[in-house]
Amino acid sequence: MGSHSDQGSSAATPGNLPEVQCGREEQELFEDLLRRPGIRIERIVSHGQTTPVDQPYVQDWDEWVLILAGSAELTLEGLGQKGLVTGEHLLIPAGVPHLVTYTADPTIWLAIHIGEP
């Protein structure tokens, strides 16, 4: 997952977390819901996007993700593959390279970045 606030982010905070706006399916959407020292809560809306194999996410902080709607598959180096469906969550430890290998269209994530500078 990683930090994506510079890609496709929106200035407006959604009032309804599971709601998806039509017409924005061509790009993944990253929205900061809350940002405080050491923590950031983000909503991500994926439409089938995956991580390029040669560009795994690696971050210096823990990331906890929850699937609010849809499903996803991730590969975490040293930890294997993890499938997530609506209501399931996963902690991605700091320093673990990881890839998103599948997302349903749409998949809505809630990501909590813990210890982010």
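- The CD1 atom of I92 lies 11.0 Å from the NZ atom of K82; values are rounded to the nearest 0.5 Å.
- The shortest side-chain heavy-atom distance between L79 and P93 falls under the 4.5 Å cut-off.
- If you chain together hydrophobic residues whose side chains sit under 4.5 Å apart, L90 and F30 fall into the same group.
- Note on I108: it does not cluster hydrophobically with Y102, by side-chain heavy-atom contacts below 4.5 Å among ILVMFWY residues.
- Minimum heavy-atom separation, V96 to H98: O-ND1, 2.8 Å.
- Transitive grouping of hydrophobic side chains (ILVMFWY, heavy atoms separated by less than 4.5 Å) brings L33 and I112 into a common cluster.
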Test side chain to side chain contact (heavy atoms under 4.5 Å, CB included) applied to T50 and T101, step by step: CA-CA 5 Å; T50 59; T101 57; 5.5 Å; no

Going by atom type alone, with no hydrogens or angles, which donor-acceptor pairs under 3.5 Å involve a side-chain atom of residues 66-76 and a protein atom two or more places apart or on another chain?
residue : atom : partner : partner atom : Å
T75     : OG1  : Q81     : NE2          : 3.3

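- Summarising the geometry of T103 relative to W109, their closest heavy-atom pair is CG2-CZ2, 3.8 Å, with the distance given to 0.1 Å.
- When atom types are taken as modelled, the side chain of R40 and the backbone of H113 share no donor-acceptor pair closer than 3.5 angstrom.
- Contact of the I41 side chain with the L110 side chain is registered, since non-hydrogen atoms from C-beta on lie closer than 4.5 Å.
- Formation of a donor-acceptor pair under 3.5 Å by the E88 side chain with backbone atoms of V85 is found in this model.
- The closest donor-acceptor contact from the side chain of D62 to the backbone of A94 lies under 3.5 Å.
- In plain terms, the two heavy atoms of H47 and D105 that are nearest each other are ND1-OD1, 2.8 Å.
- Side chains of I114 and W61 form no contact here, defined as non-hydrogen atoms less than 4.5 Å apart.
- Across all non-hydrogen atoms, the minimal contact from E31 to R43 is OE1-NE, 2.6 Å.
- Residues A111 and I44 share a closest heavy-atom pair of CB-CD1, 4.2 Å.
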